[in-house]
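Let me begin by presenting the structure, written as structure tokens, before commenting on it.
The figures that follow rest on heavy atoms only: side chains count, while hydrogens, waters and symmetry mates do not.
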Amino acid sequence: TILTTVTCSLSSLGADERRAFLIDVKAPASGGVYVMSARVGATETDPILTDNFAVGSTIVDEPAP
């Protein structure tokens, strides 16, 4: 299991404003299903906590012999 944390910070973000972060990763040598997740937080109270987390997955094929 590979566990890595990447932290991205913004100085401010207005109501209904969006920002995107691109994180470039190198595929592992072994194939399989890999799961990524993202979570956001703020110092202010957030009335809708259900939109602060996302999960995605990808399949990495075994390298050709």
If you compare all heavy atoms of Ser30 against all heavy atoms of Val60, which two are closest, and at what distance to 0.1 Å?
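What the structure gives for the nearest pair is O-CG1, 4.2 Å.
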Which atom pairs, donor and acceptor, lie under 3.5 Å between side-chain atoms of residues 49-56 and protein residues at least two apart or in another chain?
| residue | atom | partner | partner atom | Å |
| --- | --- | --- | --- | --- |
| Asn52 | ND2 | Asp46 | OD2 | 2.9 |

Do Cys8 and Val6 have side chains that get closer than 4.5 Å, going by heavy atoms?
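Sidechains of Val6 and Cys8: in contact.
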Would you mind reporting whether Val25 and Met36 have side-chain heavy atoms less than 4.5 Å apart?
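Answer no - side chains too far apart.
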Using 0.5 Å steps for rounding, measure from the CZ atom of Arg39 to the OG1 atom of Thr5.
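So the gap between those two atoms works out to 10.5 Å.
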Over 12 foreign heavy atoms within 6.0 Å of CD1, Ile59:
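No, not enclosed.
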Side chain to side chain contact (heavy atoms under 4.5 Å, CB included) for Leu10 and Ser12? Distances and angles first, verdict last.
CA-CA 5 Å; Leu10 289 173; Ser12 65; over 6 Å; no
Same cluster or not: Phe21 versus Leu13, using hydrophobic residues (I, L, V, M, F, W, Y) connected whenever any side-chain heavy atoms lie under 4.5 Å apart?
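In one cluster with Phe21: Leu13, yes.
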